[in-house]
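A short worksheet on the structure shown next.
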Amino acid sequence: MAREIKLLSGRSSRALLKDIQAYLGLEPVQHIVDRFADGEIRVQILENLRGEDVFIVQSTHPPADNLMELLLLIDAARRASAWRVTAVIPYFGYARQDRKDQPRVPISAKLVANLIERAGADRVLTVDLHSGQIQGFFDIPVDNLFSTPIFREYLGVLDPKKYMIVSPDIGGTKRSWAVARKLGNLPLAIIDKRRPAPNQAEVLNIIGDVAGKNLLIFDDIIDTGNTLVEAVQALRERGGHEITVCATHGLFSGDAPEKLSRLEVREIVVTDTVPVPPERRPRNTRVLPISPLLGEAIRNIHEDKSVSQLFI
Ligand code: R5P
């Protein structure tokens with residue numbers, strides 16, 4: 001029997017599901033995700049999935065119901081005798097507590113990995129994990145795509161005499177270095193950032209001479225926007241010229257849209273791994289579609305082709 005790609009999603013990634021379907025030219029699998037009267041989530045798949053190659057698309061940003069929907073959909077597909085179930089998690093939430101760096105804290109990323117695996121996923125496809133080592137929290141294959149090709153297509157190859165990439169913290173150095181290479185071997189500056197408390201940011205130092213350069217800050221997540229506010233101010237004080245902000249996952253929580261709308265930057269560029277309704281987008285925000293990258297990866301996984309050509 002020729003196995004087919006069967007695509008489903010929870011409610012956090014409905015728009016993305018449609019885009020991936022359109023990219024791959026597939027019809028949606030009929031399924032229900034709604035609630036019982038008390039608020040519990042109810043899932044039902046309305047088509048036969050026996051022996052099929054099932055891909056469940058769901059980002060796991062808050063509320064935790066998004067994660068719960070993913071787990072329930074995986075369980076439903078597994079119990080419907082799918083041949084293989086791939087959890088496609090464009091934004092892997094609960095990733096920021098990924099080690100025991102203080103007393104009495106959970107390793108949330110490991111717990112979530114355990115839940116996804118125990119629910120019955122055979123493999124995971126995700127984009128720009130907060131830290132690459134989260135792949136090792138799973139004992140199933142994890143493909144961690146980089147959004148670099150999407151940004152490179154939008155920004156083009158840039159002149160290293162005029163442009164510089166900025167990593168907003170030491171942890172992001174490796175990712176920023178890879179981006180710098182792909183955008184034309186651009187020089188790299190690194191911000192030495194401290195977090196006095198969760199979601200607060202303080203710039204201590206900037207490594208690299210940013211004076212007179214057009215700067216592209218690359219981060220994985222924009223949450224409160226505090227990292228960016230501090231970064232932009234510090235870069236301006238050191239003579240940075242035009243500043244563009246790029247991030248894979250635009251969460252824009254709390255007052256981030258207002259705060260970031262006041263920032264003097266050329267543009268804020270994010271992808272749609274997390275849905276950002278127009279009213280929650282800061283001024284000057286551009287949202288790039290992630291569906292071509294995910295669509296290609298899904299097709300390659302289904303056809304047993306290499307996915308590594310997408311890791312650029
Ligand atoms: C930090 O390690 C991440 O890479 C992001 O810089 C951070 O999550 C952004 O958070 P916020 O927008 O709240 O400063």
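Just so you know, ligand 1 is whichever comes first in the structure, and atom 1 is the first atom listed for that ligand. Quick caveat, the model's predicted, so the values are computed rather than measured.
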> What do you reckon, does R96 put a non-hydrogen atom under 4.0 Å from ligand 1?
Replying inline: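 Yes, that is the case, since the closest heavy atom of the residue is under 4.0 Å from the ligand.
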
Notebook entry, point to check: Are G172 and ligand 1 in contact, using a heavy-atom cut-off of under 4.0 Å?
Noted result: no

Exercise. Within the structure, does P168 bring an N/O atom to less than 3.5 angstrom of an N/O atom in ligand 1?
Worked result: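 No, no N or O pair falls under 3.5 Å.
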
Problem set entry | R175 N/O under 3.5 Å from ligand 1 N/O |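 Looking only at distances, the answer is no, because the N/O contact criterion of under 3.5 Å is not met.
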
- prompt: Can the positive tip of R181 be found less than 6.0 Å from the middle of the six-membered ring of W177, inside 45° of the ring normal?
  reply: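 R181 over W177 ring: yes.
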
Are [X] and [Y] close enough that a side-chain donor and a side-chain acceptor fall under 3.5 Å?
{"X": "Q21", "Y": "E27", "result": "no"}
{"X": "S9", "Y": "Q58", "result": "no"}
{"X": "D128", "Y": "S147", "result": "yes"}
{"X": "R96", "Y": "S131", "result": "no"}
{"X": "D223", "Y": "S253", "result": "yes"}

Give the numbers and elements of all ligand 1 atoms closer than 4.0 Å to a heavy atom of [X].
{"X": "G225", "result": "11 (P), 12 (O), 13 (O)"}
{"X": "N226", "result": "12 (O), 14 (O)"}
{"X": "N199", "result": "13 (O)"}
{"X": "D169", "result": "1 (C), 2 (O), 4 (O), 6 (O)"}
{"X": "T227", "result": "6 (O), 9 (C), 10 (O), 11 (P), 14 (O)"}
{"X": "K193", "result": "1 (C), 6 (O)"}

Under 3.5 Å donor-acceptor, H61 side chain and H249 backbone:
no

Would you find a donor on one side and an acceptor on the other, under 3.5 Å apart, between the side chain of R175 and the backbone of D219? no

Practice prompt. Classify the contact between L228 and ligand 1 as side chain, backbone, both or neither, using a heavy-atom distance cut-off of under 4.0 Å.
Written response: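 The answer is neither; L228 stays 4.0 Å or more away.
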
- request: Using a strict 4.0 Å threshold on nitrogen-to-oxygen distance, state whether R42 and D34 make a salt bridge.
  value: yes

Filtering T224, D219, D128 for the heavy atom nearest atom 5 (C) of ligand 1 leaves D219

Among K259, H249, R195, the residue with a heavy atom nearest to atom 10 (O) of ligand 1 is R195

[atom] - nearest protein heavy atom and its distance:
{"atom": "atom 4 (O) of ligand 1", "answer": "D220 OD1, 2.6 Å"}
{"atom": "atom 9 (C) of ligand 1", "answer": "I221 O, 3.4 Å"}
{"atom": "atom 2 (O) of ligand 1", "answer": "H130 CE1, 3.2 Å"}

Q: For the residue pair D192 and I170, establish whether any side-chain heavy-atom pair is separated by less than 4.5 Å.
A: yes

